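I have placed the structure first, in the form of structure tokens, so that the comments after it can refer back to it.
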Number of protein chains: 2
Amino acid sequence: MTEATALTRNQSLVHNTLRQADGPLSAYTILDRLRDDGFRAPLQVYRALDKLTSLGLVHRLESLNAFVACAGEHRHGENELIAFAICERCGQVEEFADPVVCERLEAWAGDNAFHADKTTIEIRGKCAVCRAA
Amino acid sequence: MTEATALTRNQSLVHNTLRQADGPLSAYTILDRLRDDGFRAPLQVYRALDKLTSLGLVHRLESLNAFVACAGEHRHGENELIAFAICERCGQVEEFADPVVCERLEAWAGDNAFHADKTTIEIRGKCAVCRAA
DNA sequence: GACATTACGTAATAACATTACGTTCGATTG
DNA sequence: CAATCGAACGTAATGTTATTACGTAATGTC
Ligand SMILES: [Zn+2]
Ligand SMILES: [Zn+2]
Ligand SMILES: [Zn+2]
Ligand SMILES: [Zn+2]
């Protein structure tokens, strides 16, 4: 396996920024947080994000145009179908994989001769904590 | 019924533009196509799109930042869970609703005390026609 | 008619993402 | 070792998507 893929400095900085964040961050927010580390341009962030997402260390949330560090149990880099539950109030993101959902979507694809490259499942709403509050 | 909701001129223009399109359009593409009809600013498009999506006549594709006229059988305006299969090659979008997927996601929400407001399911890939070609 | 609501027009700006071009760094290999 | 190749980087400019702000006009209700 390509287990110990060493990240570059920029990639590590972006990854750590996301891990320390308490929710998804936009590329420009990451940029701002890394000014002191020498980041000057969006492309520095986007390039690192591209690499990190391809490694499965970071996920892009399409409905938010933002990025979050992987917090799931799933194997990185695999073509696993992951769903995200995003709290609109506190920003917390939960990752989960549902085999039945996965299977049903694959079945639809099979029935319709559709070849799926990437599937996005994002649930926007309010988490348990915020509902109680 | 939902049928008789009279759309305004701007809303109708945007809706017709999307219906005549052979795939998803960005707000700015719609704007360009409606220049001759007097559209001058993005907000004219976005306001119409907001209304049309709230009526269920148009869907926003989050992973594309684009909009498509509803082509499904589902009832407009309901909180139904719809999945989109988007061909990266030809741009065709298929809508479908899978009760099992819906049920499983609802079950997850129930188990986690999460209140879902809006759920996005988008499959990017290649459609049957484009695979054959 | 007074009032609330919804939609509209316009301008400016904010937020998100990519293209282009040249350089630097590290690994491979002859 | 140095030639070479590919990944990553720096910087600037530009392109794309979406919103804020402010005022006006049309429409429905009482
Ligand atoms: Zn993950
Ligand atoms: Zn919350
Ligand atoms: Zn639809
Ligand atoms: Zn196709």
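In what follows, every chain begins at residue 1, and chains take the letters A, B, ... in the order their sequences are listed. Just so you know, these numbers come straight off a predicted model, no measurement behind them. Heavy-atom basis, side chains included; hydrogens, waters and symmetry copies ignored.
As rounded to whole Å, 14 Å separates atom C1' of D:dT20 from atom CG of B:Asp50. The distance between atom CG of A:Leu49 and atom P of C:dA17, rounded to the nearest whole Å, is 9 Å. The nearest whole Å value for the distance from the CZ atom in A:Phe39 to the P atom in C:dA17 is 16 Å. Atom pair B:Leu25:CG and D:dT17:P shows a separation of 11 Å (rounding to whole Å applied). Atom CG of B:Leu61 is separated from atom C1' of D:dT17 by 15 Å (rounded to the nearest Å). Remark: C1' of D:dG10 and CG of A:Leu31 are 13 Å apart, rounded to the nearest angstrom. Note: OH (B:Tyr46) to P (D:dA21) measures 18 Å, nearest angstrom. When rounded to the nearest whole Å, the span between CG of B:Leu64 and P of C:dA17 equals 13 Å.
A side-chain donor-acceptor contact under 3.5 Å links B:Ser63 and B:Glu122.
In this structure, B:Asp37 and B:Arg9 have side chains that are in contact, with non-hydrogen atoms separated by less than 4.5 Å.
Residue B:Arg9 places none of its side-chain N or O atoms closer than 4.0 Å to OP1 or OP2 of D:dA25. Contact check, A:Asn65 against D:dA18: no side-chain N or O comes under 4.0 Å of OP1 or OP2. Using a 4.0 Å cut-off, no side-chain N or O of A:Ser26 falls inside it from OP1 or OP2 of C:dA15. Between A:Gln44 and the phosphate of D:dC9, there is no side-chain N or O to OP1/OP2 separation shorter than 4.0 Å. Between A:Tyr28 and C:dA15 there is no side-chain polar atom (N or O) within less than 4.0 angstrom of OP1 or OP2.
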_Test side-chain contact (heavy atoms from CB on, under 4.5 Å) on A:Thr17 and A:Thr29; report intermediate values, then the result._
CA-CA 10 Å; A:Thr17 301; A:Thr29 301; over 6 Å; no
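Between B:Phe96 and A:Trp108, the ring planes are parallel. Angles under 30° get that label, and only those over 60° would be called perpendicular.
Among the protein residues, A:Arg40 comes within range of the sugar-phosphate backbone only, with heavy atoms under 4.0 Å from sugar or phosphate atoms but none that close to a base.
Residue B:Asn10 places its side chain closer to C:dC8 than to any other of D:dT17, D:dT11, C:dC8. The side chain of B:Lys51 lies closest to C:dA7, out of C:dA7, D:dA18, D:dC9. In this structure, of D:dC9, C:dA20, D:dA18, it is C:dA20 that holds the atom nearest to the side chain of A:Leu43.
Applying the ring pair (Phe, Tyr, Trp, His ring centres under 6.0 Å) criterion to A:His115, with sequence neighbours excluded, gives no partner residue.
Projected onto DNA chain C by closest heavy-atom contact, A:Arg47 and B:Ala48 fall at different nucleotides, the more 5' of which corresponds to B:Ala48. Between B:Pro42 and B:Thr8, the residue anchored closer to the 5' end of DNA chain C is B:Thr8, taking for each the nucleotide with the nearest heavy atom.
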